[in-house]
Amino acid sequence: VQLQASGGGLVQAGGSLRLSCAASGGTLGTYRVGWFRQAPGKEREFVSRITQNGRLTSYSESVKGRFTISRDNAKNTVYLQMNNLQPQDTAVYYCAGGTDWTTVSSGYPYWGQGTLVTVSS
C-alpha cells in the first residue's frame with residue numbers, strides 16, 4: 001500500500017489545519033495508522049494513532065485536546081484535525097500504516113512522503 005499525506009501549509013498560531021492520509025494500491029482499512037512529525041533538527045516523534053475500525057485512538061501529551069484523528073475507510077483516508085496550532089507544532093507530518101498498536105515509528109512498515117506544517121507566531 002502507498003500512502004500520501006497532504007493538507008499541510010502555513011498557519012498563524014491558534015489556527016487550524018486538517019491533514020489527510022490517502023492510500024492507494026491497497027485497503028487502508030486493514031491497517032492501523034499513525035501520525036508522526038519531525039521538526040528541524042529533532043527526531044521523529046509520535047503524534048497520534050487509530051485502529052482499523054476507528055474505535056480506539058491515542059495521542060501524545062503535547063497534542064492531546066487539540067488534535068483529533070479519524071478515518072473514513074470508504075474513502076481509504078485517515079485524517080488529522082489540528083486545532084489551536086502553536087509554533088512548536090511546526091514540523092513535517094508523516095502518516096504511517098501497519099498492524100502493530102504502537103507509538104514507535106519502526107512498528108509501521110508503510111509511510112507517506114510527509115507534508116509540511118508551519119505555524120507562525
Side-chain angles (χ1 to χ4, degrees):
V1 62
Q2 291 80 44
L3 304 180
Q4 182 170 356
S6 62
L10 174 63
V11 63
Q12 290 187 332
S16 298
L17 284 173
R18 188 177 78 158
L19 305 184
S20 298
C21 176
S24 60
T27 303
L28 191 59
T30 63
Y31 299 101
R32 293 167 175 173
V33 173
W35 283 97
F36 293 79
R37 67 186 182 186
Q38 188 165 17
K42 295 187 177 181
E43 295 199 352
R44 191 171 298 187
E45 66 172 357
F46 165 77
V47 175
S48 182
R49 56 181 171 166
I50 189 168
T51 53
Q52 289 92 329
N53 59 15
R55 292 178 182 172
L56 184 60
T57 61
S58 77
Y59 302 88
S60 68
E61 287 300 316
S62 62
V63 307
K64 193 176 294 184
R66 300 187 297 123
F67 291 12
T68 303
I69 191 171
S70 63
R71 68 191 304 159
D72 185 340
N73 287 337
K75 294 183 178 180
N76 233 13
T77 303
V78 170
Y79 304 98
L80 186 69
Q81 177 67 43
M82 306 185 297
N83 297 329
N84 191 23
L85 283 160
Q86 300 300 315
Q88 56 265 36
D89 295 316
T90 295
V92 177
Y93 284 72
Y94 300 88
C95 61
T99 56
D100 290 343
W101 184 241
T102 180
T103 62
V104 178
S105 60
S106 60
Y108 295 85
Y110 306 108
W111 287 80
Q113 84 289 0
T115 185
L116 177 63
V117 173
T118 304
V119 185
S120 63
S121 57

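Reckoned from all heavy atoms, side chains included, excluding hydrogens, waters and symmetry mates. A quick note: this is a predicted structure, and the numbers were derived from the prediction, not measured. Position 1 is the first residue of the sequence, and the numbers go up from there.
Proximity of a side-chain donor or acceptor of Asn73 to a complementary backbone N or O of Asn53 within less than 3.5 Å is not detected. Using modelled atom types, one side-chain atom of Asn76 and one backbone atom of Leu28 make a donor-acceptor pair closer than 3.5 Å. Side-chain N or O atoms of Arg49 include none that pairs as donor or acceptor with a backbone N or O of Ile69 at under 3.5 Å. For Asp100 (side chain) and Arg32 (main-chain N/O), no donor-acceptor pair under 3.5 Å exists by modelled atom type.
Tyr79 and Tyr110 are assigned to two separate hydrophobic clusters, defined by single-linkage of ILVMFWY side chains at heavy-atom distances under 4.5 Å. Taking hydrophobic clusters as Ile, Leu, Val, Met, Phe, Trp and Tyr residues chained together by side-chain heavy-atom distances below 4.5 Å, Trp111 does not share a cluster with Leu19.
With rounding to the nearest 0.5 angstrom, the SG atom of Cys95 is 9.0 Å from the CD atom of Gln4. The CD atom of Glu43 sits 9.0 Å away from atom OG of Ser105, with the distance rounded to the nearest 0.5 Å. Taking CG from Asn84 and OG from Ser16, the interatomic distance works out to 8.0 Å, rounded to the nearest 0.5 Å. Once rounded to the nearest 0.5 Å, the distance linking NZ of Lys64 with OG of Ser48 reads 10.0 Å. Interatomic distance, OH of Tyr59 versus OG1 of Thr68, reported as 4.5 Å (0.5 Å rounding).
Considering only heavy atoms from C-beta on, Val1 stays 4.5 Å or farther from Thr27 through its side chain. Tyr108 places a side-chain heavy atom less than 4.5 Å from the side chain of Thr102. Under the 4.5 Å side-chain criterion, counting only non-hydrogen atoms from C-beta, Trp35 is not in contact with Met82. Looking at heavy atoms from C-beta onward, Ser62 lies in side-chain contact with Arg37 at the 4.5 angstrom threshold.
With sequence neighbours excluded, no residue forms a side chain to side chain donor-acceptor pair (under 3.5 Å) with Gln12.
Scanning both residues, Gln86 and Ala13, for their nearest heavy atoms gives OE1-CB, 4.4 Å. Taking each heavy atom of Gln113 and Leu3 in turn, the nearest pair found is OE1-O, 3.9 Å. Closest approach of Tyr94 and Gly112 over heavy atoms only: CD2-O, 3.7 Å. Leu17 approaches Leu85 most closely through the heavy-atom pair N-CD1, 3.8 Å. In plain terms, the two heavy atoms of Trp101 and Ile50 that are nearest each other are CZ3-C, 3.6 Å.
Using the six-membered ring where Trp is involved, Phe67 and Tyr93 have ring planes that are tilted, between 30° and 60° apart.
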Validation: residues 114-121 side-chain donor-acceptor distances under 3.5 Å, sequence neighbours left out:
unit_1	atom_1	unit_2	atom_2	d
Thr115	OG1	Gly8	N	3.0

